[in-house]
Protein chains: 2
Amino acid sequence: MTVPGLRERKKQRTRDALVRVALELFTTQGFDRTTVDEIADAVDVSQRTFFRYFATKEDVAFAVQQMVEERFVRALAERPAEEGPLDAMRNAVLGSWDTIGEAIVEVVPVDLHLRTYQMIESTPALLAAHLRRSTEMEETLAQLIAEREGVDVDEDPRPRIAVAAFSGVMRVTGQLWGRSENPTLESIRALTEHYLDHLAPALEPHWRS
Amino acid sequence: MTVPGLRERKKQRTRDALVRVALELFTTQGFDRTTVDEIADAVDVSQRTFFRYFATKEDVAFAVQQMVEERFVRALAERPAEEGPLDAMRNAVLGSWDTIGEAIVEVVPVDLHLRTYQMIESTPALLAAHLRRSTEMEETLAQLIAEREGVDVDEDPRPRIAVAAFSGVMRVTGQLWGRSENPTLESIRALTEHYLDHLAPALEPHWRS
DNA sequence: TTGTCAATTGTCAGTGACTGACACTAGCCT
DNA sequence: AGGCTAGTGTCAGTCACTGACAATTGACAA
């Protein structure tokens, strides 16, 4: 763990600045009404440099999201083996929400991240990218679950199915939260818990009130 | 049901031609290696005209998919009221697969459609668009299910959850089928059925072999 | 400290998706 | 036949993104 050289630190600063400025502009003006030139100019680098840090304009919007997802995956990997698949995933997300603050502030304020998430959900191009990224993570999750349970992910359909169902619920809550008038950390946590509680009942062959 | 005028027929022919040529080019050369100019030139219209028919280059790739989805929604709406939510959706898709042929041939051969679906699954930009379109359909489905069961879609979380879980399984099967070496109508049908059978077991708190 | 190497960056030119404006052509309708 | 209007082509422009090349600047050995 040596201190990275000047070159590395400079790169990190540029990258962080690009993320912060981009998210600030995206959340205030909107994603489509923000050009890459604007972002680059604000950080005082060339447009070409922007694209050396981020392959696409969309990518910069997911820089923080990226960290959150990695965090969740790690949390899942650390869940005790006794927990069933669904419980493990449930506890991993909820646990992630609880400690999200500390991890994020280093790059952007939590508040900005929440606004960014809302923007992603309400911007068609970003929502599409978000969903695709999610499916990639789902493959990782399925692998993890399969290992935990000691089954072959290509023989037993249950890992992918469980992950798909779980992710489906997460997606729904994410969307509902994005539209809500009070988008706080607490509200998404509560919503997620509430919806996960209803996963099994929703799949009953018949619903009775 | 009067015969549409010459103007309308001409428009329809141009549109169909654009779809056919586009899908042919996409599936042979790849989506990214096909330019809009190429498609327009092949149909002998200007690029500007292409964009009057399709808002984006992606849209033309989903022209057939669009029909398939509408078909599925209609099939679900016509399911007998006694069927539970999951059964209704299951029967609606499987029924759709069975009669898909007749509906599609009018515009493109079934074979081209299957290849198109594979291309969508393997092209990142299209996969993203596909997933986003799916979430839009899911909202429609949730509404339908809620009506069938006589519950309020904004009060009772079950409709959206059931749809999300179901769609999650459909997405997984779609992806696995896209990667398979033998992508036929029969194989996707069988795969779908097999996976849907395992939805409930996959959500059990504990898996026992 | 200095000189060399390699990583970063800026500039420039080009491609391709997409849009607005405007003129033109061809069905449609009286 | 002739006017109306939907549909089309042309043109110019914006913006995301890329390859090539030259200039700069840390890193590191002599």
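In what follows, chains are A, B, ... by sequence order, proteins preceding strands, each numbered from 1.
Between the side chain of A:Arg13 and the backbone N or O of A:Glu8, no donor-acceptor pair lies under 3.5 Å. Judged by distance alone, with hydrogens and angles left aside, the side-chain atoms of B:Arg148 form a donor-acceptor pair with the main-chain N or O of B:Glu83 at under 3.5 Å. Remark: the backbone N or O of A:Glu69 is not paired with any side-chain donor or acceptor of A:Arg74 at under 3.5 angstrom.
The CD atom of A:Gln175 lies 9.0 Å from the OG1 atom of A:Thr173; values are rounded to the nearest 0.5 Å. Rounding to the nearest 0.5 angstrom, the gap separating the CG atom in B:Asp16 from the OH atom in B:Tyr53 is 10.0 Å. If you take CD1 on B:Ile145 and CZ on B:Arg160, they are separated by 13.0 Å, rounding to the nearest 0.5 Å. With values rounded to the nearest 0.5 angstrom, B:Ser187 atom OG is found 8.5 Å from B:Glu181 atom CD.
Considering every non-hydrogen atom in both B:Met89 and B:Ala162, the closest pair reads CE-O, 3.8 Å.
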Contact pattern, 5' to 3', of nucleotides 16-25 of chain C - B, S or - by protein heavy atom under 4.0 Å: SSBBBB----
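Nucleotide C:dA7 holds its P atom 19 Å from the CZ atom of A:Arg9, rounded to whole Å. If you take CD1 of A:Ile39 and C1' of D:dC15, they are 12 Å apart, rounded to a whole angstrom. Computed from coordinates, the A:Asp41 CG to D:dA16 P distance equals 12 Å when rounded to whole Å.
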Review item, nucleotides 28-30 of chain C N/O atoms under 3.5 Å of protein N/O:
{"unit_1": "C:dC28", "atom_1": "OP1", "unit_2": "B:Leu6", "atom_2": "N", "d": "3.0"}
{"unit_1": "C:dC28", "atom_1": "OP1", "unit_2": "B:Arg7", "atom_2": "N", "d": "3.1"}

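The stretch residues 13-30 of chain B does not touch DNA chain D, since none of its heavy atoms comes less than 4.0 Å from the strand. Residues from residues 127-135 of chain B lying near DNA chain D, meaning a heavy-atom separation below 4.0 Å, are absent.
Of the candidates D:dG7, D:dT8, C:dT9, the closest approach to any side-chain atom of B:Thr49 belongs to D:dT8.
Neither OP1 nor OP2 of C:dT8 sits under 4.0 Å from any side-chain N or O of A:Lys10. Phosphate proximity of D:dT8 to B:Tyr53: present, with a side-chain N or O under 4.0 Å from OP1 or OP2. For the pair A:Lys11 and C:dT8, the criterion of a side-chain N or O lying under 4.0 Å from OP1 or OP2 is met.
Here the side chains of A:Phe166 and A:Glu138 are not in contact, with every heavy-atom distance at 4.5 Å or above.
Remark: A:Arg20 pairs with no residue by the side chain to side chain donor-acceptor pair (under 3.5 Å) rule, at least two apart or across chains. Considering only residues two or more places apart in sequence or on other chains, A:Glu58 meets the salt bridge (charged side-chain N to carboxylate O under 4.0 Å, His left out) condition with none of them.
Looking only at atom types and distance, the side chain of B:Arg179 has no donor-acceptor partner in the side chain of B:Gln118 under 3.5 Å away.
In this structure, A:Lys57 forms a cation-pi arrangement with A:Phe31, its terminal cationic atom sitting closer than 6.0 Å to the ring centre and no more than 45° off the ring axis.
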